[in-house]
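Presented below is the structure to which this report refers.
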Amino acid sequence: QVQLVESGGGLVQAGGSLRLSCAASGRTFSSYAMGWFRQAPGKERTFVAAISGNGRGTYYADSVKGRFTISRDNAKKTVYLQMNSLKPEDTADYYCAASRTYSNYAGTIASWGQGTQVTVSS
């Protein structure tokens, strides 16, 4: 089982950028599809982005397309979420997640990180 630790959250003004990182432990990192979810106060956790094990496939929630970019470095066992043009509605706790499949990423989550808070001020 892979264990995940997020970092990089913080407070940023609208229009600004942040890069989240998620460091994984374990020897099979590249076998997992990786991704990010977010949960705003009082709302359900929702999908943000996912990337395949080899990094060649990515997909995004419509709300972040063109602004967020997911990437991974398998040698460093780390996945990143570059967030640009941030909006107040991006404010949420962001969670990294490892999944057993890319094609059914959200349906086969194997591990969650503890979350990192992102606050975007207007």
Side-chain angles (χ1 to χ4, degrees):
Q1 185 120 351
V2 63
Q3 295 178 334
L4 307 171
V5 178
E6 300 98 331
S7 60
L11 174 64
V12 64
Q13 288 189 331
S17 298
L18 279 175
R19 188 175 82 154
L20 305 183
S21 298
C22 173
S25 63
R27 291 179 289 179
T28 59
F29 177 72
S30 62
S31 69
Y32 289 95
M34 298 296 297
W36 295 88
F37 289 75
R38 67 186 181 185
Q39 186 168 17
K43 296 189 177 181
E44 293 185 351
R45 191 173 297 187
T46 59
F47 169 78
V48 175
I51 187 167
S52 62
N54 60 14
R56 294 175 186 164
T58 60
Y59 64 101
Y60 300 88
D62 288 343
S63 58
V64 306
K65 276 181 186 175
R67 300 188 299 122
F68 290 12
T69 302
I70 189 170
S71 62
R72 67 190 294 162
D73 185 332
N74 285 344
K76 294 183 178 179
K77 298 182 183 179
T78 301
V79 62
Y80 305 97
L81 186 68
Q82 177 66 45
M83 306 186 295
N84 298 328
S85 302
L86 283 161
K87 305 175 181 180
E89 51 264 43
D90 294 317
T91 294
D93 291 328
Y94 283 72
Y95 296 87
C96 176
S99 179
R100 296 182 182 89
T101 65
Y102 175 63
S103 59
N104 184 24
Y105 171 75
T108 55
I109 299 295
S111 296
W112 292 94
Q114 83 289 351
T116 186
Q117 188 173 53
V118 172
T119 303
V120 184
S121 63
S122 57

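Atom set for the values below is all heavy atoms of this structure, side chains included, hydrogens, waters and symmetry mates excluded.
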**Request:** Could you verify whether a donor N or O on one side chain and an acceptor N or O on the other, from Y80 and R19, lie under 3.5 Å apart?
**Result:** no
**Asked** Would V64 and L86 show up in the same hydrophobic cluster when neighbours are defined by side-chain heavy atoms closer than 4.5 Å?
**Response** yes
**Euclidean distance, Q3 CD relative to S25 OG, rounded to 0.5 Å** = 4.0 Å
**Fill in**
Closest heavy-atom pair, V118 versus L18, reported as atoms and distance to 0.1 Å, is CG1-CD1, 3.9 Å
**Item:** Test: R72 cationic atom under 6.0 Å from F29 six-membered ring centre, within 45° of axis
**Value:** yes
**Item:** Any side-chain donor near an acceptor of the partner, S111 and Q1, under 3.5 Å
**Value:** yes
**Message:** The criterion is salt bridge (charged side-chain N to carboxylate O under 4.0 Å, His left out); which residues satisfy it with K43, sequence neighbours excluded?
**Reply:** none
**Request:** Taking T116 for its side chain and Y94 for its backbone only, find out whether a donor-acceptor pair lies under 3.5 Å.
**Result:** no
**Prompt:** Going from CG on L4 to NZ on K77, what distance comes out if it is rounded to the nearest 0.5 angstrom?
**Reply:** 12.0 Å
**Prompt:** Do M34 and V2 share a hydrophobic cluster, counting only Ile, Leu, Val, Met, Phe, Trp and Tyr and linking them when any side-chain heavy atoms are less than 4.5 Å apart?
**Reply:** yes
**Item:** Stacked cation flag R45 on Y95, 6.0 angstrom / 45 deg
**Value:** yes
**Donor-acceptor under 3.5 Å (Y32 side chain, A97 main chain)** = no
**Asked** Does the side chain of Y102 come within less than 4.5 Å of Y59's, by heavy atoms?
**Response** yes
**Prompt:** Going by atom types alone, do T78 and D73 pair a side-chain donor with an acceptor below 3.5 Å?
**Reply:** no
**Item:** Inter-residue atom distance S121.OG - Q13.CD, 0.5 Å rounding
**Value:** 5.0 Å
**Request:** For the pair F37 and F47, name the ring-plane relationship: parallel under 30°, tilted 30 to 60°, perpendicular over 60°.
**Result:** perpendicular
**Item:** Within one Ile-Leu-Val-Met-Phe-Trp-Tyr cluster: W112 and Y105, side-chain cutoff 4.5 Å
**Value:** yes
**Message:** I need the minimum non-hydrogen distance between A14 and P88, along with the two atoms involved.
**Reply:** CB-CD, 4.1 Å
**C96 side chain near V79 side chain, heavy-atom distance below 4.5 Å** = yes
**Flag side-chain contact, heavy atom, 4.5 Å: W36 against E6** = yes
**Request:** Consider only side-chain heavy atoms of I, L, V, M, F, W and Y, link residues closer than 4.5 Å, and tell whether I51 and L81 are in one cluster.
**Result:** yes
**Prompt:** Can you tell me how far the CZ atom of F68 sits from the OG atom of S17, to the nearest 0.5 Å?
**Reply:** 9.5 Å
**Asked** Does a donor on one side chain sit under 3.5 Å from an acceptor on the other, for S99 and T108?
**Response** yes
**Request:** Kindly give the heavy-atom pair with the smallest separation between M83 and L20, and that separation in Å.
**Result:** CE-CG, 3.8 Å
**Message:** Just verifying a value: how many Å separate D93 CG and Q39 CD, rounded to the nearest 0.5 Å?
**Reply:** 7.0 Å
**Request:** Find the distance between CG (N84) and OG1 (T69) and round it off to the nearest 0.5 Å.
**Result:** 6.5 Å
**Asked** Are any side-chain N or O atoms of S52 and backbone N or O atoms of G57, one a donor and one an acceptor, separated by less than 3.5 Å?
**Response** yes
**Asked** Salt bridge check: are D90 and K87 linked by an N-O gap of less than 4.0 Å?
**Response** no
**Message:** Could you check whether atom CD of Q114 has more than 12 heavy atoms from other residues, nucleotides or ligands sitting under 6.0 Å from it?
**Reply:** yes
**Message:** Tell me whether T101 contacts the main-chain N or O of N104 through its side chain, where contact means a donor paired with an acceptor under 3.5 Å.
**Reply:** yes
